[in-house]
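To start, the structure under review is shown below, and the notes come after it.
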Amino acid sequence: MVSSLVIVATGIAGTGAVYYYYKYESLFLAESKQMEQDAYKIIGSIELEAESKLFVLGNYVDEDNFTEHLRARGFSDTLNETGITYYAYIQELKEPKGIYWSHLHPNEEPKTNESPYSTWKKRDFLLFNIKPLVDDTPYAGILEASTAAGRNPGSRSKLKGARFIVYARRIAFEDDAFQLVLAKSTEKLESDQDELVKSIQALVLVTTLLVLLAQLAGSYIVLSPIRRIEDEIKLIEAGEKDFIEHEYPSELNPVKSAINTLINAEKGQKKRYRDALDNLAHALKTPLAALQSSSERSGENESINQTYVDEHIQRMNDIVAYQLRRAVVSDHNAIVKLESLRPIVFRLRDSLLKVYFDKQFTLDINIDEYARCRVDYDDLMEVFGNLLNNACRFCESKIAVTATQDVDFLIVDIDDDGMGFPDNNPSQLLKRGMRADSKTDGQGIGLAVSAEIVENAGGKISLLMSPFVGARVRLHLPV
């Protein structure tokens, strides 16, 4: 969250900097446009007097009205006043670059045949070092005054080095070339610039705070499912719950499925141990009784049939080995490993077609390569071996195996066109301990064993009617 906040804040600050640049350029451009309009007004109001070689107002221009217009546009009345803002002058382009007009003296007349601007001590001017313009392209920029001259030393010290927005335009009268220079103080522009900086800083700060609040809210919302699943796991550890039950976003479903599968596998393992011990105790009763009987007869001086004893001892060894194989999961990683179902079913189909070679039927497999479940490989072989063997025994001509993906389970349907399951509660066929002679005509004895394996893995088996009007065994295998 901190890193993303830094990235967002940096992006907002960068956007603010770009906005500041373009906004500042637009403010400067607006000032330049206004100065350009003022330049056209001045050029249209003056003319070059041939005798004095000075620019004066045309005969058609009223001096008072012109002066009032300049004052309304913000031109200063004198350079000596405090807070000078705006003024204009015309300068000769060639050396000695004399001053030929100023808005402060728009109708100046020469005295003693000498330009009143030839001696700077008689007038106050701020001059700027502008490269002489060679075409009609105007100049616009921000410059510092290069010269501050006048009768008031205080005025010179205040004005020298001041920053101005400068607009210059080349004008030609007769054979002479001049440039009109307009200079406006940057005080207003800098004031607008400061306000813009403060606004952008406030905007960046407020936006960053809003993004931070949004991130905190988003993080709380995103992490709340993780906190809920953590609370459920703690309840499971405390023994108050058996499984993770609540619905979670799709990103957490694999975690939920893996944990529930692990819990189911652990419970299934314990159940296998109990069942194996029960089976072992029950299965050993008969050979132990036989050995005990043989021992009693030997106590009565009867000869012991050693072959008989060895057979029962071997039988006991086989029983113990078989029940141990049933109880122990050889691969401890199988409880979390995903097994692909397609190769197992195809392998079993090849074997069953050889076993039932004398029976004419088809076994269609509709399972794609992405169908996987969290069940031990050997258990899958045993479950599908039993179920497919039953389907082959009782089908007429057709068997179909179809797999579809659900959120938490891989659903597998095994359909045949045989006689189907009995109508009176077929789920009884899944109970442990049922024998073949206790069933009506239907699927084989492997149903109970298959149901135990699937339930221990966290899935379930349902007995339904197939679309072929036969038996359908539906398996929900955990993913």
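One-based numbering along the sequence shown.
- Put simply, the side chain of N389 never gets that close to the backbone of G385: no donor and acceptor are under 3.5 Å apart.
- For the pair D192 and K188, the minimum side-chain heavy-atom distance is below 4.5 Å.
- A 4.5 Å side-chain heavy-atom check between M381 and R347 finds at least one atom pair inside the cut-off.
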Please set out all donor-acceptor pairs under 3.5 angstrom arising from side-chain atoms of residues 5-19, sequence neighbours excluded.
from	atom 1	to	atom 2	distance (Å)
T10	OG1	V6	O	2.7
T15	OG1	G11	O	2.8

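- Ion pair K234/E240 not flagged as a salt bridge, since none of the NZ, NE, NH1 or NH2 atoms sits closer than 4.0 Å to an Asp/Glu carboxylate oxygen.
- Residues P467 and D415 form a side-chain contact, since some pair of their non-hydrogen atoms from C-beta on lies under 4.5 Å apart.
- In the displayed structure, D350 atom CG is contacted under 6.0 Å by more than 12 heavy atoms of other residues, nucleotides or ligands.
- Atom CG of D194 has more than 12 heavy atoms from other residues, nucleotides or ligands within 6.0 Å.
- Nearest heavy atoms, M35 versus K184: CE-N, 4.0 Å.
- Counting heavy-atom neighbours within 6.0 Å of R342 CZ, excluding the residue itself, gives a total above 12.
- At most 12 heavy atoms of other shown residues, nucleotides or ligands fall within 6.0 angstrom of atom OH in Y370.
- Distance CG/L180 to NE2/H103: 12.0 Å, rounded to 0.5 Å.
- More than 12 heavy atoms of other shown residues, nucleotides or ligands fall within 6.0 angstrom of atom NZ in K241.
- Pairs passing the side-chain hydrogen bond (donor to acceptor under 3.5 Å, both in side chains) check and including a residue from residues 37-47, sequence neighbours excluded, read D38-R73, D38-Y86, Y40-R169.
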If you look only at distance, which donor and acceptor atoms sit under 3.5 Å apart when one is on a side chain in residues 404-414 and the other is two or more places apart or in another chain?
from	atom 1	to	atom 2	distance (Å)
D408	OD1	S257	OG	3.4
D413	OD1	R474	NE	2.7
D413	OD2	R474	NH2	3.0

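- Here side-chain hydrogen bond (donor to acceptor under 3.5 Å, both in side chains) pairs that include residues 217-231, with residues two or more places apart or in two chains, number zero.
- Other residues, nucleotides and ligands contribute only 12 or fewer heavy atoms inside 6.0 Å of the OH atom of Y21.
- Between S466 and A471, the shortest heavy-atom contact is CB-O, 3.4 Å.
- A centroid separation of 6.0 Å or more is found between the aromatic rings of Y139 and Y167.
- The aromatic rings of F55 and Y100 stand perpendicular to each other, their planes meeting at an angle above 60°, with 30° marking the opposite boundary.
- Residues passing the ring-ring contact (aromatic ring centres under 6.0 Å, His included) test with F384: none are found, sequence neighbours excluded.
- Nearest heavy-atom pair across H246 and E232 is ND1-OE2, 3.0 Å.
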Got a list of side-chain donor-acceptor pairs under 3.5 Å for residues 203-218, not counting sequence neighbours?
from	atom 1	to	atom 2	distance (Å)
T207	OG1	L203	O	2.6
T208	OG1	V204	O	2.6
Q215	NE2	S4	OG	2.5

